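First up is the structure itself, then whatever we jot down about it.
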2 protein chains.
Amino acid sequence: MKDAQERTATSPEHTRVSDIESHDCRAVSGILQRIGDKWSVLIISRLGEGSRRFNEIKRMIGGISQRMLTLTLRNLERDGLVKRTVTPTVPPRVDYELTDLGKELLIPVQALGAWAIEHTPCITAARARFDAAEAAETPQQQRVSTG
Amino acid sequence: MKDAQERTATSPEHTRVSDIESHDCRAVSGILQRIGDKWSVLIISRLGEGSRRFNEIKRMIGGISQRMLTLTLRNLERDGLVKRTVTPTVPPRVDYELTDLGKELLIPVQALGAWAIEHTPCITAARARFDAAEAAETPQQQRVSTG
DNA sequence: CCGAATCCGACTTGATACTG
DNA sequence: CAGTATCAAGTCGGATTCGG
C-alpha cells in the first residue's frame, strides 16, 4: 500500500472528458487496456484450457516475472475474470481458473486472436512497406509529393 | 529520430521466449497491445463511421493531444489499418480512413466492445467486491482463512 | 490546419532478494 | 511453492513550442 501504483490507474473523476457520446468507447478502451496489458491475454488463454497452478502458468508463458504474474493475476481476479483457490498445505498450493465471466471473455478474445493470427502477415508486410517508404523519403523530404 | 522511442518496441530477436507453442498467443498479444494502447480503439471506432480530418478526430475523441493522435494515427497507418490522404491546399487538409484491413479489424473489435459494454457493470461490481474484501482483511491478515 | 521536436512526469515492467 | 518489497530502467502520455 506504500506506492499505491500497482492497482488500476483509471481516475474516476477524470472520466468526464468531453461528453456522454464517448462513454461506450471508453468502456471498450478500459477493457482493452486491462486485457491488452501484455500478459493478461496469455494468461487467460492458458487458463482457458483449465485450472492451473502459479508456477505452472509461469512456466507455460515463459518470460514473465513472479511480480508481473502476481500482479496480472490479481487484477484479473479483481475484475472477476479468474478465481483463485488456495490450499494451505505444507508446500503452499494455489490454483487459478477462469470464472464464467472470464470464459465469456475468452470468446471475443479468441475471435480477435484468430483475426490477429490470420492477419499478422498482412500487418508485418504493411510495416515493412511503410518503413521502407519512410526510409526512402526521410533523408530529404517530409511525407508529401515525391511523385 | 533522436530518441527513437516512438516506434514499435517489439524486439524481433526476443520473440523466441520458450517454445513454439506460444507464437500464436504472442501474435494476439502484439495486436492487443497495438489496439489496446488507450487511443487506437477510439480512433478506429470513429473512423468506422467514415473518413475524418485530423482535428475532427481530435475533437470527437476529446482529451487526446496532437502528439498522441499523430503517433497513434501513424502507427495505425504503418500497420496498414488506416489510410492517410493529404490535400496540399493553403490550409492543409489531411483525411484519415480505414483500409479494408482496418474495417475487418473493426468487426472483432466491436465484438469485444459489445462484450465490454455488456459486462462493464459486472466488472465494476467485482472490483467493488474485491476492494471491499481486501480492505476488510488487509489490516491484520494476508489473503487466506478469515472464516 | 497539420504535425514535428523537446522537455518532463507518471505508469509499467523487470531483476533481485527476502519471507512463510 | 507462492508471494512480497525494493530498486532501476524503459515506455507512455501530455504540455508546450515551433514550422510548413
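Naming: A, B, ... by sequence-line order, numbering from 1 per chain. Keep in mind that what you see is a predicted model, and the values were worked out from it rather than measured.
Of the listed nucleotides (D:dG14, D:dG3, C:dC1), D:dG14 has the atom at the smallest distance from the side chain of B:K38. Side chain of A:Q66, nearest nucleotide from C:dT13, C:dG3, D:dG3: D:dG3. Closest to the side chain of B:R53, out of D:dG3, D:dG14, C:dC1, is C:dC1. Nearest nucleotide to the side chain of A:T70, out of D:dG14, D:dT4, C:dC2: D:dT4. You'll find that the side chain of A:R59 is closest to D:dC1, out of D:dG20, D:dC1, D:dA2. Nearest nucleotide to the B:S65 side chain, out of D:dA15, C:dG3, C:dC2: D:dA15.
Distance A:R74 CZ to D:dA5 C1': 14 Å, rounded to the nearest Å. Whole-Å rounding puts the A:L69 CG to D:dT4 C1' distance at 14 Å. A:R93 has its CZ atom 12 Å from the C1' atom of D:dA2, to the nearest Å. Note: CG (B:D95) to C1' (C:dC2) measures 12 Å, nearest angstrom. As a whole-Å value, the separation of B:Q33 CD from D:dT11 C1' is 11 Å. Note: CG (B:L73) to P (C:dC1) measures 16 Å, nearest angstrom. Atom CZ of A:R52 and atom P of D:dA2 are 13 Å apart (whole Å). If you take CE of A:M68 and P of D:dT4, they are 12 Å apart, rounded to a whole angstrom.
Residues A:T72 and A:N75 have side chains that never bring a donor and an acceptor to within less than 3.5 angstrom of each other.
Here the side chains of B:V94 and B:R53 are not in contact, with every heavy-atom distance at 4.5 Å or above. At a threshold of 4.5 Å between non-hydrogen side-chain atoms, the residues B:V86 and B:P92 do not count as touching. Annotation: side chain of B:R52 is not in contact with side chain of B:E97 (no heavy-atom distance under 4.5 Å).
Phosphate contact (OP1/OP2 of C:dT12, side-chain N/O of A:R34, threshold under 4.0 Å): absent. Between D:dC1 and A:Y96, no contact under 4.0 Å exists linking OP1 or OP2 to a side-chain N or O. In terms of phosphate contacts, A:R67 brings no side-chain nitrogen or oxygen within less than 4.0 Å of OP1 or OP2 of C:dT13.
The existence of a salt bridge linking A:R93 and A:D95 is confirmed by a sub-4.0 Å separation between a basic side-chain nitrogen and an acidic carboxylate oxygen. The pair B:R127-A:E77 does not meet the salt-bridge criterion, since no charged nitrogen lies less than 4.0 angstrom from a carboxylate oxygen.
Taken to the nearest 0.5 Å, the CD1 atom of B:I35 stands 7.0 Å off from the CG atom of B:L112.
Over its length, the helix from C:dC1-D:dG20 to C:dG20-D:dC1 turns its helix axis by 40°, as judged from the five terminal pairs at each end, rounded to 10°.
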